[in-house]
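Beneath this line is the structure, given in structure tokens, with notes to follow.
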Amino acid sequence: MEVFKPLFLTKSDLCQSYANYKPHFDLLLTRLLEYLQSILSLENSLTYKARVKSFQSYYKKIQKFKIKSVGKEMPLLTDILGIRIMCTFISNLEEVKNILSKNFELYDVENKGDHSNYKSFGYESIHFVVNVPDSFKVGLLIPDGIVFEIQLRTVLQDAWAEIEHDLVYKSETTALDVPMKRKLAAINASLTLADIVFQEINDYQKNLKIELDT
């Protein structure tokens with residue numbers, strides 16, 4: 001009896017497959033970004049960052065999580081296509097979240113940092129795993145089951161995430177000692193407080209305007 005042995009793509013095969021899809025991923029991401037910008041018309045301006053994951057980052061991640069490709073199809077990740085949305089105020093986060101839920105099929109919503117206790121300050125962001133509507137794929141070569149990721153955070157949360165990513169996540173040196181960790185936590189605590197104060201000032205100005213109009 002012949003035993004079936006799955007065929008796994010080699011790194012060079014994966015690289016070639018990824019290269020074939022890459023121009024189509026770029027066009028798809030452009031369509032998604034333009035649509036997001038058209039539906040997210042808030043009173044306060046939003047900032048966007050969009051990227052298609054590089055092959056090296058893609059390959060590193062599937063190696064890290066030991067994801068295998070069976071047959072000729074390359075394995076998919078939820079964040080091959082990524083869009084980040086930065087808001088001015090904390091209140092904008094819920095507004096954007098509501099708009100996204102009305103216009104997309106959301107597979108998963110995760111509030112990063114929700115499990116932190118009051119003594120710790122770390123990465124904060126809302127991550128959405130979003131289905132790509134078929135209408136966006138017209139004329140493109142796109143693998144079945146493709147999704148994309150939206151990261152939603154305030155401008156200050158994004159600033160912290162970028163710096164923490166370079167200093168901690170990407171660092172190849174030894175782990176930080178306790179005093180340095182405390183200093184980093186203090187910086188993030190200050191940014192969190194700033195977000196809260198900016199929101200309070202914004203709310204105050206809105207309420208004052210209503211009273212003056214009345």
Side-chain angles (χ1 to χ4, degrees), residues 22 25-26 29-30 32-33 36-37 40 42-65 67 77-97 99-100 106 108-130 147-203 205:
K22 179 65 165 59
F25 285 158
D26 289 334
L29 186 65
T30 298
L32 291 168
L33 180 59
L36 279 171
Q37 291 172 327
L40 293 174
L42 302 184
E43 177 184 346
N44 299 298
S45 61
L46 302 175
T47 307
Y48 301 84
K49 294 179 183 178
R51 64 99 184 96
V52 175
K53 207 173 192 68
S54 69
F55 175 75
Q56 290 302 324
S57 295
Y58 164 81
Y59 188 71
K60 184 177 179 180
K61 191 165 186 177
I62 65 173
Q63 289 291 99
K64 178 181 179 181
F65 293 102
I67 303 172
L77 301 174
T78 58
D79 63 344
I80 289 178
L81 307 177
I83 296 176
R84 188 180 305 166
I85 304 172
M86 284 76 73
C87 304
T88 308
F89 300 108
I90 297 174
S91 60
N92 299 146
L93 299 175
E94 194 63 29
E95 295 177 67
V96 172
K97 184 177 177 180
I99 294 172
L100 293 178
L106 306 179
D108 186 46
V109 180
E110 182 179 4
N111 290 284
K112 301 281 187 178
D114 260 6
H115 303 299
S116 301
N117 61 48
Y118 71 95
K119 294 181 180 179
S120 63
F121 296 88
Y123 176 82
E124 290 186 67
S125 183
I126 306 175
H127 288 201
F128 304 85
V129 178
V130 188
V147 295
F148 72 106
E149 182 180 82
I150 296 176
Q151 296 180 357
L152 174 62
R153 56 183 75 145
T154 66
V155 173
L156 292 183
Q157 287 172 347
D158 185 63
W160 165 256
E162 291 284 359
I163 296 171
E164 184 192 41
H165 186 264
D166 286 342
L167 289 180
V168 181
Y169 182 78
K170 289 174 62 177
S171 176
E172 296 179 357
T173 58
T174 55
L176 299 174
D177 58 19
V178 173
M180 190 60 67
K181 286 181 179 179
R182 286 176 176 167
K183 291 176 182 177
L184 284 175
I187 293 172
N188 193 21
S190 298
L191 292 174
T192 300
L193 178 60
D195 253 339
I196 295 171
V197 173
F198 290 154
Q199 181 63 57
E200 290 176 347
I201 294 172
N202 186 53
D203 291 341
Q205 290 176 331

Those residues at least two apart in sequence (or on a different chain) that pass ring pair (Phe, Tyr, Trp, His ring centres under 6.0 Å) with F128 are none
Who pairs with Y59 by ring pair (Phe, Tyr, Trp, His ring centres under 6.0 Å), at least two apart in sequence or on another chain?
F55
Inter-residue atom distance [X].[atom1] - [Y].[atom2], 0.5 Å rounding:
X: F148; Y: L32; atom1: CZ; atom2: CG; value: 4.5 Å
X: L152; Y: K112; atom1: CG; atom2: NZ; value: 14.0 Å
X: I80; Y: Y58; atom1: CD1; atom2: OH; value: 5.5 Å
X: E124; Y: L93; atom1: CD; atom2: CG; value: 9.5 Å
X: I163; Y: L191; atom1: CD1; atom2: CG; value: 7.5 Å

Partner set under side chain to side chain donor-acceptor pair (under 3.5 Å) for [X], not counting sequence neighbours:
X: S54; answer: S57
X: Q199; answer: S91, D203
X: D195; answer: T154
X: D26; answer: K22

Among residues at least two apart in sequence or on other chains, which ones pass side-chain contact (heavy atoms from CB on, under 4.5 Å) with [X]?
X: A194; result: L156, F198
X: K60; result: none
X: V155; result: M86
X: V178; result: R182

Report yes if the side chains of [X] and [Y] come closer than 4.5 Å at any heavy-atom pair, otherwise no.
X: D79; Y: H127; result: no
X: I67; Y: L77; result: yes
X: V52; Y: L81; result: yes
X: I150; Y: L100; result: yes

Could you tell me which non-hydrogen atom of W160 sits nearest to which non-hydrogen atom of I187, and how far apart they are?
CZ3-CG2, 4.2 Å
Between L106 and V130 the two heavy atoms that sit nearest each other are CD2-CG2, 3.8 Å
Name all residues meeting the salt bridge (Lys or Arg N to Asp or Glu O under 4.0 Å) criterion together with K97; count only those two or more places apart in sequence or in a different chain, and write none if there are none.
none
For D158, check salt bridge (Lys or Arg N to Asp or Glu O under 4.0 Å) against everything at least two apart and list the hits.
K49, R84, R153
Does any N or O in the side chain of T88 come within less than 3.5 Å of the main-chain N or O of S45, such that one atom is a donor and the other an acceptor?
yes
Exam field: side chain N92 to backbone F89, donor-acceptor pair closer than 3.5 Å:
yes
